[in-house]
Peer 1: 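My questions all concern the structure below.
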Amino acid sequence: MGRDTIADIITSIRNADINRKGTVRIAFTNINENIVKILLREGFIQNVRKHRENKKDFLVLTLQHRRNSKGRYRTILNLKRISRPGLRIYSNYQRIPRILGGMGIVILSTSQGIMTDREARLERVGGEVLCYIW
């Protein structure tokens with residue numbers, strides 16, 4: 001049985017954000033790299049670098065945190081895995097959901113690669129709904 005690397009990356013980022021960790025180390029795969037590039041481009045994470053240790057590649061993510069130390073801590077990232085190995089969810093470009101009226105993003109795996117909901121609507125392609133981020 002294979003591992004769900006997308007769920008692993010989402011869980012790692014969510015746990016680090018809740019625990020106020022500055023960096024997260026995740027396994028390097030092409031899918032993870034494309035998802036991280038989208039997160040970086042959309043401004044959900046601050047920096048990404050590739051790290052090699054014992055002949056294995058890792059991505060080291062630098063998360064963004066609120067600088068306000070007063071009051072209750074609120075997480076910046078909210079991530080939710082939608083399509084999973086046991087239940088795949090597909091959508092055409094007309095039925096791609098809008099998260100918070102367009103404030104959040106949907107990451108899709110399409111025939112043209114991994115892209116956000118806005119890009120998929122512009123390209124008029126649908127695909128597998130991987131996750132929601134807001």
Side-chain angles (χ1 to χ4, degrees):
M1 191 157 129
R3 293 182 50 148
D4 187 8
T5 59
I6 299 170
D8 290 343
I9 186 175
I10 288 172
T11 303
S12 298
I13 293 172
R14 184 185 309 121
N15 288 342
D17 191 42
I18 289 171
N19 292 321
R20 298 185 190 186
K21 301 288 183 189
T23 60
V24 179
R25 192 176 87 166
I26 58 172
F28 176 82
T29 63
N30 289 334
I31 294 173
N32 286 354
E33 182 183 28
N34 291 331
I35 290 173
V36 167
K37 283 181 183 178
I38 289 174
L39 291 174
L40 182 64
R41 186 175 64 228
E42 296 289 328
F44 288 105
I45 59 176
Q46 199 172 43
N47 192 13
V48 178
R49 65 182 170 89
K50 196 172 177 181
H51 179 68
R52 187 173 185 92
E53 183 177 309
N54 297 334
K55 297 183 181 179
K56 289 189 176 182
D57 290 330
F58 296 98
L59 292 173
V60 179
L61 313 177
T62 305
L63 302 178
Q64 291 189 5
H65 289 288
R66 296 185 187 196
R67 303 280 186 234
N68 188 3
S69 61
K70 296 180 181 178
R72 201 173 124 229
Y73 177 75
R74 294 191 179 193
T75 60
I76 293 177
L77 286 175
N78 290 309
L79 303 108
K80 184 175 181 184
R81 176 80 158 119
I82 302 302
S83 185
R84 52 196 161 110
L87 178 64
R88 302 287 185 187
I89 306 295
Y90 296 95
S91 177
N92 63 9
Y93 76 93
Q94 296 164 335
R95 296 185 188 262
I96 297 172
R98 294 185 190 272
I99 306 302
L100 293 177
M103 297 283 291
I105 62 170
V106 178
I107 296 180
L108 294 124
S109 176
T110 66
S111 60
Q112 299 178 5
I114 295 178
M115 58 179 62
T116 64
D117 55 339
R118 289 181 216 109
E119 295 167 348
R121 284 190 196 97
L122 286 175
E123 297 287 327
R124 299 176 76 95
V125 293
E128 182 182 355
V129 180
L130 297 177
C131 59
Y132 297 159
I133 302 169
W134 70 96

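Model, not experiment: these values are computed from the prediction.
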Peer 1: Could you see if Met103 belongs to whatever hydrophobic cluster contains Leu122? Use Ile, Leu, Val, Met, Phe, Trp, Tyr and a side-chain cutoff under 4.5 Å.
Peer 2: no
Peer 1: Any link between Phe58 and Ile10 through a network of hydrophobic side chains (Ile, Leu, Val, Met, Phe, Trp, Tyr) touching at under 4.5 Å?
Peer 2: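 No: no chain of side-chain contacts under 4.5 Å links Phe58 to Ile10.
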Peer 1: Of the non-hydrogen atoms in Ala120 and Ile96, which two are nearest, and what is the gap between them?
Peer 2: CB-CD1, 3.8 Å
Peer 1: Going from CD1 on Ile6 to CD1 on Ile114, what distance comes out if it is rounded to the nearest 0.5 angstrom?
Peer 2: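 It comes to 6.0 Å.
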Peer 1: Sequence neighbours excluded, which residues qualify as side-chain hydrogen bond (donor to acceptor under 3.5 Å, both in side chains) partners of Thr116?
Peer 2: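 Thr116: no side-chain hydrogen bond (donor to acceptor under 3.5 Å, both in side chains) contacts found.
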Peer 1: So, for Arg81 and Ala7, which heavy atoms are closest and what is the spacing to 0.1 Å?
Peer 2: NE-N, 3.9 Å
Peer 1: Identify each donor-acceptor pair in which a side-chain atom of residues 22-31 lies under 3.5 Å from a protein atom, sequence neighbours left out, and give them as a table.
Peer 2:
residue: Arg25; atom: NH1; partner: Glu53; partner atom: OE1; Å: 3.3
residue: Thr29; atom: OG1; partner: Asn32; partner atom: N; Å: 3.1
residue: Thr29; atom: OG1; partner: Asn32; partner atom: ND2; Å: 3.4

Peer 1: Quick one: which of Leu39, Leu79, Leu61 gives a side-chain contact (heavy atoms from CB on, under 4.5 Å) with Phe44?
Peer 2: Leu39
Peer 1: Count I, L, V, M, F, W, Y as connected when their side-chain heavy atoms are under 4.5 Å apart, and connections chain through other members. Are Ile133 and Met115 then in the same cluster?
Peer 2: no
Peer 1: Which atom names give the shortest non-hydrogen contact between Pro85 and Asp4, and what distance separates them?
Peer 2: CD-OD2, 3.5 Å
Peer 1: Testing Ile45, Leu40, Ile38 for side-chain contact (heavy atoms from CB on, under 4.5 Å) with Glu42, which one passes?
Peer 2: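 When Ile45, Leu40, Ile38 are each tested with Glu42, the side-chain contact (heavy atoms from CB on, under 4.5 Å) holds only for Ile38.
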Peer 1: Sort and list the pairs that fulfil side chain to side chain donor-acceptor pair (under 3.5 Å) and have at least one residue in residues 91-111, not counting sequence neighbours.
Peer 2: Tyr93-Arg124
Peer 1: Would you call Lys21 and Asn19 a side-chain contact if the rule is heavy atoms closer than 4.5 Å?
Peer 2: yes
Peer 1: My understanding is that only residues two or more places apart in sequence, or in another chain, count here; which of them pass side-chain hydrogen bond (donor to acceptor under 3.5 Å, both in side chains) with Asp8?
Peer 2: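 Only Arg3 meet the side-chain hydrogen bond (donor to acceptor under 3.5 Å, both in side chains) criterion with Asp8.
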Peer 1: Sequence neighbours left out, what passes salt bridge (charged side-chain N to carboxylate O under 4.0 Å, His left out) with Glu123? Give chain and number order.
Peer 2: none
Peer 1: Taking only residues two or more places apart in sequence or in another chain, which ones pass side-chain hydrogen bond (donor to acceptor under 3.5 Å, both in side chains) with Glu119?
Peer 2: Arg41
Peer 1: For a quick test of reading the model, state the closest non-hydrogen atom pair linking Pro97 to Tyr132 and the distance between them.
Peer 2: CG-OH, 3.3 Å
Peer 1: Quick one: CG on Asp57 to NE2 on His51, what's the gap to the nearest 0.5 Å?
Peer 2: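 One gets 9.5 Å once the value is rounded to the nearest 0.5 Å.
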Peer 1: What is the distance from atom CD1 of Ile13 to atom CD1 of Ile18, rounded to the nearest 0.5 Å?
Peer 2: 12.0 Å
Peer 1: Which residues satisfy the side-chain hydrogen bond (donor to acceptor under 3.5 Å, both in side chains) test with Arg84, sequence neighbours excluded?
Peer 2: none
Peer 1: With rounding to the nearest 0.5 angstrom, report the CG to CZ distance, Leu130 to Arg88.
Peer 2: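 Spacing of CG (Leu130) from CZ (Arg88) equals 8.5 Å.
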Peer 1: Linking I/L/V/M/F/W/Y whenever any side-chain heavy atoms sit under 4.5 Å apart, do Tyr90 and Val106 land together?
Peer 2: no
Peer 1: What's the verdict on side chain to side chain contact (heavy atoms under 4.5 Å, CB included) for Ile105 and Ile99, showing C-alpha distance, side-chain angles and the deciding distance?
Peer 2: CA-CA 6 Å; Ile105 62 170; Ile99 306 302; over 6 Å; no
Peer 1: Can you give me the closest heavy-atom contact between Ser83 and Val129, atom names plus distance?
Peer 2: CB-O, 2.8 Å
